[in-house]
Each structure stands twice: as C-alpha cells, then as structure tokens.
A.B. asks: 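Shown below is the structure under consideration.
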Protein chains: 2
Amino acid sequence: MSRHFTSVWTREPRRPAGAAPGRSREEIVRAAVELLDAEGLDGLSMRKLGAKLMSGATSLYWYVATKDELLELAYDEVWGEIKVPDPDEAHWREVASVLAHSLRQAMLRHPWTADLIGRLPALGPHAIEVSDRMRRTFRLAGFSGWDIDFAGATLTAFIFGMTTPEIAWNTSMGDDFDPDEARAMLRRVAAQHPDLLEAADTAHYEDPRLVRAMAFDFGLVSVLDGLERRLTGHQGHQAARRPDDPIAPDPRPAGRPDRP
Amino acid sequence: MSRHFTSVWTREPRRPAGAAPGRSREEIVRAAVELLDAEGLDGLSMRKLGAKLMSGATSLYWYVATKDELLELAYDEVWGEIKVPDPDEAHWREVASVLAHSLRQAMLRHPWTADLIGRLPALGPHAIEVSDRMRRTFRLAGFSGWDIDFAGATLTAFIFGMTTPEIAWNTSMGDDFDPDEARAMLRRVAAQHPDLLEAADTAHYEDPRLVRAMAFDFGLVSVLDGLERRLTGHQGHQAARRPDDPIAPDPRPAGRPDRP
DNA sequence: ACCTGAACACCGTTCAAGT
DNA sequence: ACCTGAACACCGTTCAAGT
C-alpha cells in the first residue's frame with residue numbers, strides 16, 4: 001500500500017475556476033499572505049483567517065482541502081514576485097544574478113517562506129515558470145544532460161541556504177536589533193574558540209544587513225565562477241565525491257577524495 | 001523597549017548541571033531526538049514526550065523553559081554528529097568536502113532539522129565547534145578579513161540549500177516512492193514548459209537518491225572551485241553585486257551588474 | 001453551490017498544590 | 001528540589017445541518 005503524494009497542484013480544483021461566487025480562492029490566498037507577512041507562519045490559523053475574511057473558519061475548507069494546501073498556494077504567490085530575465089536575451093550570469101537577488105529579496109519580504117522550503121516542494125505554476133527559465137538559461141549557457149539540472153540546483157541551493165539562516169537570525173533578533181547585546185551574546189557563545197571570537201569582535205563595527213548582502217554577493221560570484229569552470233572544462237581539483245556516499249545512510253568517514 | 005533575544009545557550013541553566021536527580025536534561029533531549037526522528041517535527045509534543053518518559057507533560061518544564069528551547073537542544077545534538085577533519089592537518093578542500101558530506105548525511109538522518117534551519121540560529125556548543133573549525137579552515141586556506149566568514153557562509157549555504165529541499169521532497173513523497181506516479185506528476189505540473197518536460201522525462205530512468213548525490217557532488221566541486229578562485233585572485237567575471245540591493249527592502253529591478 | 005456552528009482530538013504553557 | 005493535575009487559550013479538521 002503506497003501513501004500517495006498530494007498537492008494542490010496535482011489534484012483537480014473543485015470548481016472550474018471561472019465562476020465568481022461569494023469568496024474566491026484568490027481572495028483567500030491574498031488574505032493568507034497578508035496574515036503571514038504580518039504575523040509569521042505561527043500567526044496564520046484558519047480561525048484568524050476566517051475572521052479576517054468575515055466568515056466562519058470552516059468555510060475556507062470549501063476552497064482548500066487543508067491548511068497545507070493553502071500554504072502551497074501562498075508560497076507560489078511569492079514565486080510570482082521573482083524576476084527572471086529572458087534567457088534568450090541576457091547572458092547566463094546576468095540571468096542568474098538577477099534571479100538570485102530577486103529571490104533573496106522576495107524571501108526577506110516574506111520571511112515565512114524560510115519555514116516552507118524544508119516542508120513543501122515548490123510545484124506551483126509560478127515556481128515552475130522560474131524553474132523552466134532557469135533550466136533554459138543553463139542549457140543555453142552550454143551545460144548538457146544532468147549538468148543542466150545540477151547547475152540550477154546549485155544556484156538555488158546557494159540562494160536558499162544563504163537567505164534562510166539570515167531570516168532565522170532576523171526573526172530571532174526581532175526588529176529592534178541591539179548590536180551590543182548581540183555582540184555580548186556571540187562572545188559568550190564563542191568562548192574558548194579563538195577563531196570565532198575574532199569574528200565576533202570585528203562583526204560589531206558593521207551594519208549586519210550590509211554584511212549579509214556582502215556575503216551574499218561574495219558567495220554568488222563564487223558559485224557562478226565555479227559553474228563557469230564546469231563549462232570551460234578546466235582540469236584541476238575534482239574530488240568532492242566520496243565513493244561510499246550516495247546511497248548508504250551513514251558512510252564510512254574514512255574515505256579520501258581523489259586528490260588531497 | 002526592545003524585545004530581547006533568548007536562547008537556551010544564552011541563559012543560565014537552572015541547575016549547576018552536576019547533580020543527578022530524577023530526570024536529566026540529557027535524558028529528555030535524547031528522548032526528544034528519538035521522537036523527532038520517528039515522527040517528525042509535528043510528532044513531537046510535550047505531552048507525548050512526557051508519556052515516553054513516563055512523567056507528566058508539564059514536568060519537563062522544570063528542565064526546559066519552552067518547547068523551542070528543547071528544539072534548540074535537540075538541534076545541537078545533530079551538530080554533534082558532524083565530522084570535521086582537523087584544519088591543521090588536512091587540506092582545506094578535504095576539510096570542506098568531509099564536512100559537507102557529513103552534514104548532509106546528518107540532516108538526512110534527522111529530517112526535522114530541515115524545518116529548524118529557518119527558525120533557530122545554531123548557537124549550541126556543537127554547532128559552534130563546527131563553525132570554529134570551519135573558520136579556522138578558511139583562514140588557513142588563505143582567506144582574510146570578512147572573506148573568511150563569507151567563504152564559510154557560502155559553503156554552509158550550499159549544504160543547507162541542497163539538502164533542505166531534498167528532505168522536503170523525501171518526506172512529501174513518503175518512504176514508498178512510486179517513480180511512475182512521480183513522473184506523471186512532474187509531467188503534469190511542467191506542461192507547456194518544454195525545457196522542464198525534457199528533464200522530467202530523463203529523470204525517470206535513474207534512482208532519485210543517486211541523482212541527488214550526484215547533484216550534491218557537482219555543486220560542491222563548483223562551490224569549492226569558486227572559492228579557490230577568490231583565493232588565487234584570478235580576474236574575470238566579478239559582477240554579482242547590484243548596487244541598490246543591500247539595504248533597501250525592495251530594490252529597483254532595473255539595475256544591471258557591472259559586467260553583463 | 002456555498003456557508004455555518006458544534007464537536008473532536010489535539011496543542012503549549014501557567015500555576016497552585018503537592019512531596 | 002522536583003513533580004503533578006487542572007485549567008486556559010488556543011489549534012486543524014469533520015460533519016450534519018442550514019440556505
């Protein structure tokens with residue numbers, strides 16, 4: 001017996017999506033996004049959302065099968081905000097850079113998305129549109145076969161991975177950021193770790209948001225350079241592969257890369 | 001009035017952490033990790049955990065201030081599983097590779113960590129230990145100033161960003177993976193996107209876990225190559241920076257990078 | 001076709017009371 | 001110093017009943 005994967009995007013909507021009755025799914029999703037932006041993922045409840053729409057909480061279940069479906073819909077709205085230049089017009093590095101910054105900014109505007117990345121696959125039409133453009137971009141850049149997908153996965157991995165902890169940090173710290181408090185905290189936590197302490201001390205003198213942006217740019221250039229290297233086919237360090245890794249759940253950590 | 005950031009790691013523990021009374025915090029955390037591994041983040045409730053430990057649910061609040069604190073403690077246990085070679089012994093690429101694969105495997109073993117990355121800063125002693133070694137690694141590699149931290153952030157971003165959606169996919173699909181069903185779903189969702197459809201068709205013929213591992217290795221080599229490029233100081237494409245990006249919440253998307 | 005309220009089975013957390 | 005149970009203020013979801 002197989003547990004079937006279900007998603008808003010893989011089931012038929014209950015209504016032909018053409019008529020215009022009382023509430024609409026679009027209206028509900030828009031209200032959900034507003035609530036999520038204002039109060040975060042924990043701030044969204046079917047009861048609160050119902051109240052906001054001046055209806056019973058349970059009325060929403062006619063438009064949406066579960067709360068998770070609603071989150072999938074809201075999530076895809078954010079993907080709709082992403083700008084991706086036309087891959088047939090712009091250089092692939094330009095496309096990737098614009099996409100990266102656009103995605104980061106969208107996530108920072110909607111911090112609750114950070115909680116969804118590890119929970120919901122992005123299968124909505126807006127997300128798919130972005131994926132399609134990205135795949136086309138890397139194909140036109142000269143990648144072929146699996147490498148097209150791997151390049152795209154690497155780029156989005158970087159964007160997600162850089163922005164998600166940034167959001168975690170922002171929301172933990174709250175809007176009113178006290179640099180002295182933060183510094184003291186880092187100091188305390190990093191006690192007896194000289195390398196980290198050094199970082200904690202210098203970190204204080206800069207606007208943390210600026211530093212985050214600098215880190216993002218540094219990383220983005222690095223990732224793009226690394227991808228370009230795959231493209232131009234330079235030889236050099238290759239070995240990140242650990243032979244026992246791919247399937248075994250807990251590989252022997254003893255293996256060494258091909259080139260030390 | 002400033003909302004203060006609180007964390008298990010930044011407050012005094014209630015007990016000198018030496019005596020040995022009834023239950024211990026270690027015992028509670030261990031049980032929590034077991035419950036999380038078995039039932040996921042939603043499967044952990046204070047009531048269930050209390051039952052597992054044969055105590056009242058509310059008893060746990062003597063050892064832990066909130067459920068979030070408990071999650072911070074459990075999270076750091078996972079960081080304790082990460083292997084990082086001694087930065088003074090191994091080449092930085094070796095250290096980074098081992099760390100990357102080790103972290104990915106640990107996350108796959110404890111899928112609930114994917115939900116925490118966007119929510120909790122990793123400030124526990126095990127996470128700090130890993131950060132410290134990583135920072136030392138990149139310093140010894142030749143990075144200096146902010147670049148040390150940027151390189152580390154780039155590497156962990158890649159690992160998190162690659163593994164988190166992998167986990168989302170795994171848990172959505174369930175343990176029993178039906179390739180035909182998955183293929184049909186991708187086909188449907190990617191309709192009218194020729195580039196994506198191509199990917200969906202070829203994807204079928206491979207073990208998805210193997211492909212994920214290949215993507216990870218491809219991306220890791222790319223990231224390491226990109227970082228190495230920063231180190232050797234080759235000139236070339238630089239421009240990922242968008243001048244209006246760092247602080248403005250919604251930058252004009254019109255700006256172009258320095259080099260198109 | 002759409003909306004409602006009551007009800008079910010849960011939550012995290014507080015707190016007075018116990019030993 | 002540690003543990004308990006009752007209680008509060010919530011949850012997502014189901015379902016019979018309404019219009």
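In the text below, chain A, chain B and the rest are named by the order of the sequence lines, each starting its count at 1. No experiment lies behind these values; they were computed from the predicted model shown. FYI, side chains are in, hydrogens and waters are out, and symmetry mates aren't considered; it's all heavy atoms of this structure.
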A.B. asks: Could you tell me the separation between the CG atom of B:Leu70 and the C1' atom of C:dC11, rounded to a whole number of Å?
C.D. replies: 15 Å
A.B. asks: Over how many whole Å does the gap from B:Trp62 atom CH2 to D:dA1 atom C1' extend?
C.D. replies: 6 Å
A.B. asks: Within the structure shown, what part of the strands sits under 4.0 Å from B:Leu60 by heavy-atom distance: base, sugar-phosphate, or nothing?
C.D. replies: nothing
A.B. asks: How many Å lie between CZ on A:Arg25 and C1' on C:dC2, as a whole number?
C.D. replies: 15 Å
A.B. asks: Tell me which nucleotide among C:dC3, C:dT13, D:dT13 gets nearest to the side chain of A:Lys67.
C.D. replies: D:dT13
A.B. asks: So what does B:Leu53 touch, heavy atoms closer than 4.0 Å: a base, only the sugar-phosphate, or nothing?
C.D. replies: nothing
A.B. asks: For the backbone of A:Phe160 and the side chain of A:Thr164, can you confirm whether one donor and one acceptor N or O come within less than 3.5 Å of each other?
C.D. replies: yes
A.B. asks: Report the base-pairing partner of D:dT4 (Watson-Crick or G-U wobble, both distances below 3.5 angstrom), or none.
C.D. replies: C:dA16
A.B. asks: If only side-chain N and O atoms of A:Ser59 are considered, is one of them under 4.0 Å from the OP1 or OP2 phosphate oxygen of C:dT4?
C.D. replies: yes
A.B. asks: Atom CG of B:Asp42 and atom C1' of D:dC11: how far apart are they, to the nearest Å?
C.D. replies: 12 Å
A.B. asks: Can you see whether A:His110 engages A:Glu81 through a side-chain donor-acceptor pair at a distance of less than 3.5 angstrom?
C.D. replies: yes
A.B. asks: Whole angstrom is fine here: how far is it from CG in B:Leu41 over to P in C:dC11?
C.D. replies: 13 Å
A.B. asks: Less than 4.0 Å between a side-chain N and a carboxylate O, is that true for B:Arg109 and B:Asp37?
C.D. replies: no
A.B. asks: Between B:Phe216 and A:Phe150, does the ring centroid distance fall short of 6.0 Å?
C.D. replies: no
A.B. asks: C:dC3 phosphate, OP1 or OP2: any side-chain N/O from A:Ser55 under 4.0 angstrom?
C.D. replies: no
A.B. asks: Considering only C:dA1, D:dT13, D:dA7, which nucleotide approaches the side chain of A:Arg47 most closely?
C.D. replies: D:dT13
A.B. asks: How many whole angstroms separate atom CD of A:Glu39 from atom P of D:dC10?
C.D. replies: 12 Å
A.B. asks: Nearest whole angstrom, please: distance from the P of D:dC2 to the CD of B:Glu27.
C.D. replies: 13 Å
A.B. asks: Under 4.0 Å: is that the gap between some side-chain N or O of A:Ser45 and OP1 or OP2 of D:dC11?
C.D. replies: yes
A.B. asks: Where the side chain of B:Lys48 is concerned, which of D:dT13, D:dA6, C:dC11 is the nearest nucleotide?
C.D. replies: C:dC11
A.B. asks: Rounded to whole Å, please give me the gap between CE in B:Met46 and P in C:dC10.
C.D. replies: 18 Å
A.B. asks: Between B:Tyr63 and D:dC2, does any side-chain N or O lie under 4.0 Å from OP1 or OP2?
C.D. replies: no
A.B. asks: Quick one, A:Val64 and A:Ile28 - any side-chain contact, counting heavy atoms below 4.5 Å?
C.D. replies: no
